[in-house]
Amino acid sequence: MVLTILLLDRHLRTNLCTFDVTHYGVKACTGQCKQNAVMQALTKVRAQACQSVAPAEVPSRTFEMSAVVLEGPCKNPIIFEIQGTLKADTDKKAYKDRTWFAFEEIDGLQVTGRGTFDGQGPCFWSSSKCFHKNNCCIELPSSIIFKRVTNTVISGFTSLNPPAFHMHVIGSTNFTAHSLTTTATNESPNTDGMHISTSCNVKLLNSKIGTGDDCVSVGQGNTDVTISGIQCGPGHGISVGSLGKYKDETNVNKVLVTDCKFTGTTNGARIKTWLNSPSLKATGITFQNLVMDMVKNPIIINQEYGTKSHVFPCFVDMANIDLVYKGTDKLPENFQCANAKLTFTGKQNPAPCPCC
């Protein structure tokens, strides 16, 4: 079974069995009427198509929508194709679990198309506690959540102005994302391009991410994450962490960030862990072949995130670093470190400091 949900009218494919949302209660109405109708239709279509053994195509139009969960398990893979624009309901009370559009418990999910998930973030950001940078609390919904999905491929679409994260991958296995565009202003609070947690074998490839927070953040509990071919900027760079804030977090192992370009970002490659974190390990982390253009802090490794104390040393191998400042201000190129155990191979520009 293949379920294709189109968000723009188009000719039906003659070889597909069709589940049409207009046959499930969607009428020509506006405002909340339209939102309720399309959500109910999608739920009904998902329930029938998910149990079908035939492929299906569901043509539709562009809608504003409140929170929606498309949940498995299903008998066979599902394709969700977006060719138009989905806009989030701007009523904050409509989101009880900080989720706008969620895919859960599906094996063989594909999300594709040239359409747009528009979170209408400017309607939310002024009320976000993340405008106050201390003790930021995520209260706004993320645009798209992939939770406990397996063998997933997403590609082609745009995420625009999410209330919080653009995308959040949670508890998933064999997840590949490529050719995506994520866009928000550099002042948008807590709008990570993609946050990944408790997942295995995740690949984010060949995508453009410009946002107000991390272009990509790799959280706790991940194994085998590859981030390659990302154009990052504006934003806060690509981060592993923050890690160790909560007691139930688990280890991070084998993260590769390669062949990415950072343009006008606050940071480039970054690792951040909380002081006094539980017994937690982050191992096998590699940043390589990165281009930094007008990046304020190209490399940051901080094991005392959220504090100014210096207790635990970090162990880092610095290989073939070549950073050149090309700004007009007379700022020195410098290498700063504290309480670090470093080894050096190859070119080192700027020259390393005498860390102990």
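Quick note: residue numbers are just sequence positions, from 1.
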Item to check | Donor-acceptor under 3.5 Å (Ser188 side chain, Asn186 main chain) | outcome: no
Next on the checklist: Tell me whether Asp214 is salt-bridged to Lys272, with the criterion being a basic N under 4.0 Å from an acidic carboxylate O.
Outcome noted: yes
Next on the checklist: Rounded to the nearest 0.5 Å, what separates atom OG in Ser155 from atom CG in Asn206?
Outcome noted: 11.5 Å
Item to check | Exam field: side chain Thr283 to backbone Asn253, donor-acceptor pair closer than 3.5 Å | outcome: no
Next on the checklist: I want to check something: taking the side chain as every heavy atom from C-beta on, are Val68 and Leu70 in contact at a cut-off of under 4.5 Å?
Outcome noted: yes
Next on the checklist: Testing the 3.5 Å rule here: is there a donor-acceptor pair between the side chains of Asp293 and Thr263?
Outcome noted: no
Item to check | Derivation and outcome, side chain to side chain contact (heavy atoms under 4.5 Å, CB included), residues Phe117 and Ile82 | outcome: CA-CA 9 Å; Phe117 291 88; Ile82 175 171; 4.0 Å; yes
Checklist entry - Looking at side-chain heavy atoms only, is the closest gap between Leu180 and Met167 below 4.5 Å? => result yes
Checklist entry - Hey, what do you get for CZ (Arg114) to OG1 (Thr85), rounding to the nearest 0.5 Å? => result 14.0 Å
Item to check | Name of the residue among Thr116, Thr112, Val111 meeting side chain to side chain contact (heavy atoms under 4.5 Å, CB included) with Phe157 | outcome: Val111
Checklist entry - Does one side chain, of Ser142 or Trp100, offer a donor that lies under 3.5 Å from an acceptor on the other? => result no
Checklist entry - Would you find a donor on one side and an acceptor on the other, under 3.5 Å apart, between the side chain of His236 and the backbone of Gly212? => result yes
Item to check | Val69 vs Glu104, side chain to side chain contact (heavy atoms under 4.5 Å, CB included): CA-CA, chis, key distance, verdict | outcome: CA-CA 7 Å; Val69 177; Glu104 299 183 2; 3.8 Å; yes
Checklist outcome for this item: Nearest heavy-atom approach of Gly72 to Ile106 is N-CG1, 3.7 Å
Item to check | Matching residue for Glu249 among Leu280, Thr198, Thr273 - test: side chain to side chain contact (heavy atoms under 4.5 Å, CB included) | outcome: Leu280
Next on the checklist: Tell me the closest heavy-atom pair linking Asn267 and Phe262, and the distance in Å.
Outcome noted: O-CD2, 4.1 Å
Checklist outcome for this item: What one should report as the nearest heavy-atom pair of His195 and Ser217 is ND1-OG, 2.6 Å
Item to check | Spacing of Cys74 atom SG and Glu105 atom CD [to the nearest 0.5 Å] | outcome: 10.5 Å
Checklist entry - Atom CD1 of Ile145 and atom OG of Ser172: how far apart are they, to the nearest 0.5 Å? => result 10.5 Å
Item to check | Qualifying disulfide (SG to SG under 2.5 Å) pairs with a residue from residues 151-183, counting only residues at least two apart or across chains | outcome: none
Item to check | Beyond-backbone contact of His168 with Ser143, side-chain heavy atoms, under 4.5 angstrom | outcome: no
Checklist entry - Looking at side-chain heavy atoms only, is the closest gap between Thr183 and Ser159 below 4.5 Å? => result no
Next on the checklist: Could you tell me if the side chain of Ile170 sits less than 4.5 Å from the side chain of Ser197, heavy atoms only?
Outcome noted: yes
Checklist entry - Which pairs with one or both residues in residues 193-230 pass disulfide (SG to SG under 2.5 Å), sequence neighbours excluded? => result Cys215-Cys232
Next on the checklist: Quick check on the 6.0 Å ring-centre criterion: do Phe146 and Phe101 meet it?
Outcome noted: no
Checklist outcome for this item: Closest heavy-atom pair, Pro162 versus Ala184, reported as atoms and distance to 0.1 Å, is CD-CB, 4.2 Å
Item to check | Asp259 side chain vs Leu290 backbone, donor-acceptor pair below 3.5 Å | outcome: no
Checklist outcome for this item: Closest non-hydrogen atoms of Gln348 and Phe344, given as atom of the first, atom of the second and distance, are OE1-CD2, 3.5 Å
Checklist entry - Could you walk me through whether Ile271 and Ile285 pass the side chain to side chain contact (heavy atoms under 4.5 Å, CB included) check? => result CA-CA 9 Å; Ile271 301 174; Ile285 299 170; 4.0 Å; yes
Next on the checklist: Are the side chains of Leu243 and Val252 in contact, using a 4.5 Å heavy-atom criterion?
Outcome noted: yes
Checklist entry - How long is the span from the CG atom in Leu140 to the CH2 atom in Trp125, to the nearest 0.5 Å? => result 10.5 Å
Checklist entry - How about Gln288 and Leu256: do any of their side-chain heavy atoms sit closer than 4.5 Å? => result yes
Checklist entry - Of Thr185, Thr182, Thr191, which is the lone residue that meets side chain to side chain donor-acceptor pair (under 3.5 Å) with Thr211? => result Thr191
Item to check | Hydrophobic cluster identity match, Val291 and Ile299, side-chain contacts under 4.5 Å | outcome: no
Item to check | Linked hydrophobic residues, Leu160 as query - side chain contacts closer than 4.5 Å | outcome: none
Checklist outcome for this item: In Asn151, Thr173, Thr150, the residue satisfying side chain to side chain donor-acceptor pair (under 3.5 Å) with Asp107 is Asn151
Next on the checklist: With a 6.0 Å cut-off (strictly less than), is the heavy-atom count around NZ of Lys92, excluding the residue itself, greater than 12?
Outcome noted: yes
Item to check | side chain to side chain contact (heavy atoms under 4.5 Å, CB included) between Ile209 and Ile230, intermediate numbers included | outcome: CA-CA 7 Å; Ile209 303 176; Ile230 303 302; 4.0 Å; yes
Next on the checklist: On a heavy-atom basis, which atom in Phe175 and which in Met194 lie closest, and how many Å separate them?
Outcome noted: CE2-CE, 4.2 Å
Checklist entry - For Val216, which of Val225, Asp192, Leu204 qualifies under side chain to side chain contact (heavy atoms under 4.5 Å, CB included)? => result Leu204
Item to check | Within-4.5 Å side-chain heavy-atom neighbours: Thr258 and Ile227 | outcome: no
Next on the checklist: Looking only at side-chain N and O atoms, does Gln220 offer a donor or acceptor that is under 3.5 Å from a partner on Thr250?
Outcome noted: yes
Checklist outcome for this item: Separation between CG (Asp224) and OG (Ser199), nearest 0.5 Å, reads 11.5 Å
Checklist entry - Cation over ring, Lys147 on Phe103, under 6.0 Å and within 45°? => result no
